[in-house]
Amino acid sequence: MPNLEVNIHNLILKNPVMTASGTFGYGQDFGDFYDVSKLGGIVTKAVSKEPRQGNFYPRMAETTSGMLNAVGLQNKGIDNFESVIYPELKKINTNIIINVAGHTVEDYVYVCERLNQLDHVHAIELNISCPNVKDGMAFGTSCPSATALTIAVRKVYHKTLIVKLSPNVTSIAEIAKAVEDGGADALSLINTLLGMAIDAEKRKTVLSTAMGGLSGPAIKPVALRMVYQASRAVSIPVIGIGGIMNGIDAVEFLLAGASAVQVGTANFINPNAALETITGIEDYLNRHSINDVNELIGML
Amino acid sequence: MNYPVKHLKMKNLPMAKVTHDLQLIENRQLNPAYHLLIFKSSVAIPEVFPGQFAELLTPDSAATFLRRPFSIYNADYQLNTIQFIVKIVGNGTKKLCQLSTGAIVNIIYPLGKGFSISEGKSLIVGGGVGIAPMYLLSKWLTTNNREFDILLGGRTEADIINVKEFSEYGELDITTENGKLGQKGLITTHPWLKDPGSVYSRIYTCGPEAMMRAVARIAIASQISCEVSLENTMACGFGVCLCCVVATDKGNLCVCTDGPVFNINNLKGWD
Ligand SMILES: Cc1cc2nc3c(=O)[nH]c(=O)nc-3n(C[C@H](O)[C@H](O)[C@H](O)COP(=O)(O)OP(=O)(O)OC[C@H]3O[C@@H](n4cnc5c(N)ncnc54)[C@H](O)[C@@H]3O)c2cc1C
Ligand SMILES: Cc1cc2nc3c(=O)[nH]c(=O)nc-3n(C[C@H](O)[C@H](O)[C@H](O)COP(=O)(O)O)c2cc1C
Ligand code: FES
């Protein structure tokens, strides 16, 4: 049996496979399919300060080897999270990572401060793809705003701080560096790529918001490239995300420089995808007589 | 073909969902657009309730990426088979209807919350492929000794299928817009929907949204309850992506887990 354990800063993952935010709910819905405690970690749907209703319908468009979503960070807010969702998460015996969204630096700081108090929250993942109400630009698309947000959260959050990068930038390496300078313990990437779908017959955009986030195997080559660039630009661990459907896809991300991975859209098509990704990595290691998954990281 | 009716519980409780490889044992073309697909499970099938649905994964299809949702048309607990009525509208449905018997299809089911039992006599209104969840509903109401009538409507005679199966369970009438079968006109012009409050205490409806909205308005005007089975674009089908919401009095709820069946009183913009 090869070793599958990896570390992300202080976090010990029993295997490098987590689930991506927004594709796994808060873990409960998958309990019918398998024991989710077998995962290296679970990243929850975004939690914000106030409840959010999200965008109007239609929120989804299928595309070639992928999908666009315009969910809009729908969630019930931090109060509901603490009183209703957190007690359920405590029953899950693996790393619980809370994805945090906000429109102002103060929103993020408020939520992270509250999460810092919760024992069974092992890490947070800052979603910096959210638009900033002050200038309308996403926090994650300019280096100064990404650094400032990371510094502000770092002050109040003392466990593992992961910052999730948006791919909708000109230089992923520069943003990665800016976030590392702000004090992040790890990076995760990529979030969805901004895209669009048009119904030619109806001459209308398919999504209510016109534009939405592209995910699935269609974005894997872009994600691999960005993980490759970001992991070379920083010395903190990188978590690879984007179109992972199986163990081999995950191995590709490890080789590109990721220390762990997240499985997202694949969960919709195959509810056992994350679990099968773990066994897929194990099979790969056995086939290549590698006895520690850590040997794969950046081994190109 | 008649299938034995298993004891169906009164209360429609959510069951644990499963993901199974099922084998297609019959692909019956009902007419150019509609197919009846019968799948057999190698293990006992979970109990399914009327209005619940399944997510089917089209095998080896580059043309479709996500699963496709279909209402469960019928279930047989002795033979461990479940049935779907599929109308061909695009690549996914076309591919499914082209499958040969023996094909293996991965299916997640049962999903969603179905219809609830009514007191008194009810009216089932199904338009086009919206009849799909109504067969199991007819069986369920019959098992629970409820009286009901069935109204099936479509644009043409090609949209009216499996009349014989339905008529075994209740009094049935048909409308088509071209008048080739049953009464001519929109389903909402049928006499049973003139003053439904005088006969029925509840309407169950599934079909095109415009039809369901028209039926809902009639139910409201006659002050009777009305359950609608909604459609929506779904990525997962089991409550994790939040792509399939509908506006309700409790905020945005998922059609896949809080529905697909809703009481119109709880829906926003349905009055
Ligand atoms: C809960 C639920 C139960 C359903 N039950 C049945 C059923 O029993 N039998 C059946 O035949 N169909 C049913 N449908 C609809 C079925 O899921 C769609 O027809 C199917 O997903 C279309 O796939 P496709 O690849 O063939 O079409 P696509 O290529 O995806 O689309 C082709 C065309 O169909 C339209 N379309 C796609 N999906 C839907 C949808 N969900 N509603 C309305 N229009 C759509 C598209 O806008 C497009 O114009 C159900 C849908 C839901 C949400
Ligand atoms: C329906 C949906 C909802 C998502 N919601 C969030 C979210 O709330 N926060 C976040 O940081 N990322 C969110 N994402 C992005 C994913 O976590 C992931 O970064 C992206 O989908 C790429 O991975 P994939 O191709 O494996 O899905 C969402 C993605 C999808 C498809
Ligand atoms: S389809 Fe994913 S939540 Fe309903």
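Hydrogens, waters and symmetry mates play no part in the numbers below; they use all other heavy atoms, side chains included. Lettering follows sequence order; numbering is per chain, from 1.
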* Asked: Side chain, backbone, both or neither: which part of B:V18 has a non-hydrogen atom closer than 4.5 Å to chain A?
  -> backbone
* Part of A:T265 within contact of chain B (heavy atom distance under 4.5 Å) -> side chain
* Structure fact -> Honestly, the part of A:N69 sitting under 4.5 Å from a heavy atom of chain B is side chain
* Under 3.5 Å, is there a donor-acceptor pair between the side chain of A:Q53 and the main chain of B:G251? -> no
* Side-chain donor/acceptor of A:K45 to backbone N/O of B:V240, under 3.5 Å -> no
* To do: Would you mind checking if A:E62 and B:R67 are paired as a salt bridge, meaning a charged N to carboxylate O distance below 4.0 Å?
  => no
Smallest separation among heavy atoms of [X] and [Y], with atom names:
X: B:A16; Y: A:D32; result: CA-OD2, 3.5 Å
X: B:C243; Y: A:R59; result: O-CB, 3.5 Å
X: A:P58; Y: B:T233; result: CB-OG1, 4.4 Å
X: A:Q74; Y: B:N252; result: NE2-O, 3.5 Å

* Asked: Could you give the distance from CG (A:N267) to SG (B:C241), rounded to the nearest 0.5 Å?
  -> 11.0 Å
* Between atom CZ of B:F65 and atom CD1 of A:I269, what is the distance when rounded to the nearest 0.5 Å? -> 3.5 Å
* **When B:N106, B:L57, B:V245, B:T64 are compared by non-hydrogen pairs under 4.5 Å with chain A, the top option** => B:V245
* May I ask you to check whether over 12 heavy atoms, not counting those of B:K94, lie within 6.0 Å of atom NZ? => no
* **NZ (A:K14) with more than 12 external heavy atoms under 6.0 Å** => yes
* Asked: Pick from A:F24, A:F268, A:F33: which one makes a ring pair (Phe, Tyr, Trp, His ring centres under 6.0 Å) with B:F238?
  -> A:F33
* Asked: Is the closest side-chain heavy-atom distance between A:Y57 and B:C244 below 4.5 Å?
  -> no
* Sole residue of B:N232, B:L66, B:L242 in side chain to side chain contact (heavy atoms under 4.5 Å, CB included) with A:M60 -> B:L66
